[in-house]
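Shown next, in structure tokens, is the structure this report addresses.
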Amino acid sequence: MAYQEPERQQFHFSSRKGWLNDPNGLCFHQGTYHLFYQHNPAAVHWGPMHWGHATGTDLIHWQEQPIALYPDESGAMFSGCAVVDEQNLTGLGVDPASPPLLFFYTCAGKPFTQNLAYSLDGGRTVVKYARNPVVPNLHGGEERDPSVAFDPASGTWRMALYLGDERGDFALLESADLLNWRETALFRIPNGGRECPELFQIADETDGKLRWAILEANGNYLVGDIADGRFQAEHAGVFMHRSGLKGGYAGQTFKNLPDGRRLYIAWQQDYIRGDAFSQSMTLPVELKLVGGELRVHPAAETRLLCAGEAQQFRDVSTVNADGELWELEFETPLHGVMLNIGGTDLWIDSAAGVLRCNAGEYPLPHTEKPLRWRAWLDRNTLELFESEGRFWLPLPVQRRPEPVISVPQGGPLAAVTLRPLQTIWR
């Protein structure tokens, strides 16, 4: 039966069959969340890219839909975004009550170009624009992954575009009608920023000011302002950490959310574990801006995964429990402590400001008090969040029949809360 394979994640979305990678066109439209994604339906390896499609009403449970975009004579369908053309600037709409849903995507041909597709029926059917491309190749490289957002200060639309690995930089473009674009600036993102830019505005909770943020695939970001078509960075940081070449990658935020939240999903870059499907998405998370710094929290909708009452443990070095899907809450002391969660070792040293895992080393927030954590344990994934949103590490893991959590060194833990979770596959 579909979705019942023993190696399939149980509360992270994966495609019924074939390969999945970058989320694309994340949006909320006419009461439905849309999750499009890079997809090779014919194999469990990366291959000719289509846009897969899933829909849902709660960000947790998804219903897979027919493929939205197929490769054509111009090339494969690489990553892109979705926006709602509320004012019908493109002239593609026919019913004022149902504004066009626009999809900007890369056509990976020779050369790479930025193209447009649209839907007039809420995303059920997608049509490629007859006058593609809307952005020709600008600088001769594998330019890709357009991210489009409205700029209320100028009354125009902005596009961020990666200009390819040979250059390693990004372009900003501007349009008044979503069809005709001009380049306004080039910029770079620190720490080797690479591909899949995500451009949006977000209010800073410290002063209420609306700022621009731009993310890249590895989790690096800039926060600042856009003036005269140029990005003026005021703060740089990392909101999502990666384990080598695996873990969270190439995510984007949902557009057009009615409640104003900035919700984000990334590709959970994983090993190939079976012959029917491969890869999954991270949990949905909420991004917040505090003093110019992006914070990350599990989205409120993750509470829908709870499958029973929480269990409390005090002064423990080992917690055993039946089941394989868990949410954990715990606190780590300032001195170094080694944890094993579902078979994965983590060395957390708050005083030194470092976490070590799988031969990787990650900076922790500066603190003079113990850190509090939330962890989400699926069959093949451990997602670790610092409770104030200052650290997020999605990890692919090899689950072993060990305690849910144990403390080989530096324990015991003062308190552990354990919540059983349920599968999303009905």
Side-chain angles (χ1 to χ4, degrees), residues 24-25 78-87 89-91 102-108 111-117 129 131-204 209-217 220-237 250 252-253 255-256 262 289 292 294:
N24 296 153
F78 275 19
S79 289
C81 67
V83 298
V84 181
D85 184 8
E86 298 281 6
Q87 298 180 334
L89 296 174
T90 59
L102 307 182
F103 304 98
F104 293 89
Y105 65 95
T106 297
C107 188
F112 279 41
T113 58
Q114 313 318 310
N115 289 14
L116 174 66
Y129 181 53
R131 297 181 181 178
N132 279 325
V134 293
V135 180
N137 195 273
L138 301 173
H139 297 279
E142 294 185 348
E143 302 164 1
R144 57 189 186 267
D145 314 330
S147 177
V148 175
F150 183 65
D151 182 354
S154 65
T156 59
W157 291 84
R158 307 285 184 191
M159 177 188 292
L161 187 66
Y162 182 59
L163 295 181
D165 294 344
E166 290 187 5
R167 294 179 59 101
D169 54 359
F170 299 81
L172 268 182
L173 294 86
E174 181 180 75
S175 175
D177 61 5
L178 291 163
L179 295 175
N180 299 282
W181 296 87
R182 69 179 186 92
E183 183 181 300
T184 61
L186 302 177
F187 66 97
R188 286 181 175 265
I189 299 177
N191 301 319
R194 179 179 182 267
E195 71 184 1
C196 295
E198 171 66 355
L199 179 70
F200 58 89
Q201 286 191 302
I202 186 170
D204 195 313
K209 182 179 177 181
L210 200 62
R211 290 179 168 84
W212 283 97
I214 185 161
L215 324 177
E216 57 83 53
N220 301 294
Y221 70 89
L222 296 172
V223 169
D225 196 9
I226 295 178
D228 298 323
R230 297 180 178 275
F231 195 96
Q232 301 173 341
E234 301 169 1
H235 187 90
Q252 64 177 243
T253 64
K255 306 301 190 296
N256 208 43
R262 185 58 59 177
L289 189 65
L294 280 179

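Residue numbers count from 1 along this sequence. Note that the structure is predicted; figures quoted are calculated from it, not measured.
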Euclidean distance, L222 CG relative to L215 CG, rounded to 0.5 Å
9.0 Å
Should K209 and D204 count as an ion pair when the cut-off is N to O under 4.0 Å?
no
Would you say N132's side chain and L116's backbone share a donor-acceptor pair under 3.5 angstrom?
yes
Mind checking what makes side-chain contact (heavy atoms from CB on, under 4.5 Å) contact with D169, not counting sequence neighbours?
L163, R167, L186, R188
Set of residues satisfying ring-ring contact (aromatic ring centres under 6.0 Å, His included) with respect to Y221, sequence neighbours excluded:
none
Mind checking the CG-CG spacing from L89 to L178? Nearest 0.5 Å is all I need.
5.5 Å
Would you compute the distance between atom CD of E174 and atom CZ of R182 and round it to the nearest 0.5 angstrom?
4.5 Å
Less than 4.5 Å apart, side chain to side chain, heavy atoms only: is that true for F103 and V83?
no
Knowing that exactly one of R158, Q114, M159 qualifies, which makes a side-chain contact (heavy atoms from CB on, under 4.5 Å) with V148?
M159
Between atom CH2 of W181 and atom OG of S175, what is the distance when rounded to the nearest 0.5 Å?
4.5 Å
Check T90 against L102 and note the closest heavy-atom contact, atom names and distance.
CG2-CD1, 3.8 Å
With distance as the sole test, does D165 use its side chain to make a donor-acceptor pair with the main-chain N or O of G168 at under 3.5 Å?
no
Residue of the set Y105, F112, Y162 for which ring-ring contact (aromatic ring centres under 6.0 Å, His included) holds with F78
F112
Between N115 and F104, is the side chain to side chain contact (heavy atoms under 4.5 Å, CB included) condition met? List the steps.
CA-CA 6 Å; N115 289 14; F104 293 89; over 6 Å; no
Distance check, rounded to the nearest 0.5 Å: D85 atom CG versus F150 atom CZ?
11.0 Å
Do we see a donor-acceptor contact under 3.5 Å between the side chains of N24 and S79?
yes
Side chain E142, main chain A108, donor-acceptor under 3.5 Å:
no
Could you go through the side chain to side chain contact (heavy atoms under 4.5 Å, CB included) check for W212 and V223 one step at a time?
CA-CA 6 Å; W212 283 97; V223 169; over 6 Å; no
Review item, side-chain donor-acceptor pairs of residues 228-235, under 3.5 Å, at least two apart:
residue	atom	partner	partner atom	Å
E234	OE1	R211	NE	3.4

Give, for atom CD of E86 and atom CG of N256, the distance between the pair rounded to the nearest 0.5 Å.
5.5 Å
Taking the side chain as C-beta and beyond, is there a heavy-atom pair between E216 and R194 under 4.5 Å?
yes
Please check if any side-chain donor atom of E166 sits under 3.5 Å from a side-chain acceptor atom of H139, or the reverse.
no
Side-chain H-bond candidate by donor/acceptor type, E143 with T106, under 3.5 Å
no
In short, V84 meets W157 closest at the heavy-atom pair O-CH2, 4.3 Å
Given the rule in the side chain to side chain contact (heavy atoms under 4.5 Å, CB included) test, do L138 and L161 qualify, once you have shown the distances and angles that lead to the verdict?
CA-CA 10 Å; L138 301 173; L161 187 66; 4.3 Å; yes
Take D145 and S147, measure what side-chain hydrogen bond (donor to acceptor under 3.5 Å, both in side chains) needs, and give me the verdict at the end.
CA-CA 7 Å; D145 314 330; S147 177; over 6 Å; no
Evaluate the criterion side chain to side chain contact (heavy atoms under 4.5 Å, CB included) for residue pair F170 and L172; output intermediate values, then yes/no.
CA-CA 7 Å; F170 299 81; L172 268 182; over 6 Å; no
